[in-house]
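Reading through the structure tokens given below for one structure.
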2 protein chains.
Amino acid sequence: MSTGSPLLAELIDALRCLPGVGAKTAQRMAFHLLERDRAGARRLAERLGTAVERIGNCTRCRTFSEEPVCVLCASPTRESQLLCVVETPVDQLAIEQATGYRGRYFVLLGRLSPLDGLGPRELGLDLLAARLGEGEVQELIIATNPTVEGEATAHLVAQLAAAAGIRATRLAHGVPLGGELEFIDRGTLAHAFGSRQLLADT
Amino acid sequence: MSTGSPLLAELIDALRCLPGVGAKTAQRMAFHLLERDRAGARRLAERLGTAVERIGNCTRCRTFSEEPVCVLCASPTRESQLLCVVETPVDQLAIEQATGYRGRYFVLLGRLSPLDGLGPRELGLDLLAARLGEGEVQELIIATNPTVEGEATAHLVAQLAAAAGIRATRLAHGVPLGGELEFIDRGTLAHAFGSRQLLADT
Ligand SMILES: [Zn+2]
Ligand SMILES: [Zn+2]
């Protein structure tokens with residue numbers, strides 16, 4: 001990379017940590033920020049630093065949070081009898097944005113994948129089981145992705161619900177098989193969420 | 001934006017200062033960094049902050065530089081008898097990457113556009129005239145974009161060269177009319193650069 005500025009070359013290189021950003025896009029981003037939006041760049045630098053420093057995981061639902069208990073878990077207005085299990089914070093956000101869901105969440109931070117070392121412990125299933133044992137949850141909405149691993153994960157989670165005597169539901173058909181929740185349009189996702197169905201074995 | 005984390009919402013918002021990054025992409029970027037590349041995010045935060053703080057413009061060629069005189073201007077191995085005039089640092093970088101050019105540059109940081117308040121002063125033409133008066137430059141390669149404003153700019157720059165008795169050349173045809181240098185493939189740009197032609201009026 002030949003520019004007149006080594007610091008610029010370093011910035012362009014650092015921008016490539018962003019998903020989907022190759023060399024050419026990183027160049028355009030760096031030049032755009034330096035030429036036209038230094039205030040935005042300064043704000044982004046600060047917020048990135050703060051986020052990396054302070055955002056961890058909620059001790060109750062495992063989603064991203066800078067507090068020990070996240071805003072959604074701490075909220076007194078969400079319905080505690082509904083608990084929705086998702087694979088990732090991205091899926092959680094997709095449901096928040098697409099549906100009128102007012103219950104609570106549990107975020108697995110992954111899906112069953114023994115080859116990658118992701119088993120029940122890594123998915124926090126002990127924490128989930130403890131939560132189900134508290135007696136507040138009356139319906140467990142299993143919103144893992146409709147992939148092979150996601151279905152295997154759903155099966156395991158459904159067993160926890162059954163063991164606790166809690167009704168488990170799964171998002172209705174409408175979610176395309178093999179698809180990922182976060183890429184589904186809001187209408188489809190809202191419909192599937194609304195017509196979620198009782199799992200046969202619970 | 002409902003996530004469990006206000007800091008995360010702020011990060012997603014800040015990422016939208018990047019060109020071409022909308023709400024959905026910003027979400028994916030933020031989640032990716034937090035889940036999988038905190039080291040990359042930390043590095044990006046630092047380099048963004050440093051770049052915004054320290055990168056200004058070279059006093060000699062006006063390109064981005066953290067030093068008063070940029071690396072390319074300071075280099076003893078570049079040929080001082082060749083001076084290439086470009087509109088932006090992006091165009092300069094495109095030429096550096098596509099051609100074997102070993103001369104020096106002058107960066108206008110824009111193109112003639114009276115309605116936007118961009119006249120000869122804003123393009124640093126006084127600085128360019130002084131440079132041409134130093135007596136080292138023997139060929140002025142005018143590599144402004146082949147747009148209406150770029151051609152008007154080229155005309156003005158060619159007049160400076162003529163006044164100083166210096167030969168002015170323009171990139172050869174091959175650069176598509178109405179196109180922008182930075183989007184041209186390297187082969188075309190290298191060819192056009194190699195077959196640059198003497199301007200008739202100099
Ligand atoms: Zn939480
Ligand atoms: Zn310079």
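Chain naming here is simple, since letters A, B, ... match the order of the sequence lines and numbering starts at 1 in each. These numbers come from a predicted model, not from an experiment.
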Side chain, backbone, both or neither: which part of A/E46 has a heavy atom under 4.5 Å from chain B? neither
Is any side-chain heavy atom of A/R36 less than 4.5 Å from a side-chain heavy atom of A/F31? no
Less than 4.0 Å between a side-chain N and a carboxylate O, is that true for A/E35 and B/R62? no
Side chain proximity check, A/L108 to A/V86, heavy atoms < 4.5 angstrom: no
Under a 4.5 Å heavy-atom cutoff, which of B/P89, B/S65, B/G40 has the most pairs with chain A? B/P89
Using a cut-off of 6.0 Å, state whether more than 12 heavy atoms not belonging to B/R38 lie near its atom CZ. yes
Contact origin within A/L15 toward chain B - heavy atom pairs under 4.5 Å: both
Could you check which of B/R16, B/R42, B/R43, B/E53 has the highest count of heavy-atom pairs closer than 4.5 Å to chain A? B/R42
Honestly, the part of B/V107 sitting under 4.5 Å from a heavy atom of chain A is neither
Please say which of A/T144, A/T147, A/D116 ends up in a side chain to side chain donor-acceptor pair (under 3.5 Å) with A/R111. A/T147
For side chain to side chain donor-acceptor pair (under 3.5 Å), just list the numbers for A/T63 and A/Q92, CA-CA rounded to whole Å, side-chain angles, deciding distance to a tenth of an Å, and then say yes or no. CA-CA 8 Å; A/T63 200; A/Q92 177 187 13; 2.6 Å; yes
If you count heavy-atom pairs under 4.5 Å with chain A, which of B/V21, B/L33, B/D37, B/L34 comes out on top? B/L34
Flag the one option from B/E66, B/H32, B/E67 with the top tally of heavy-atom pairs under 4.5 Å to chain A. B/E66
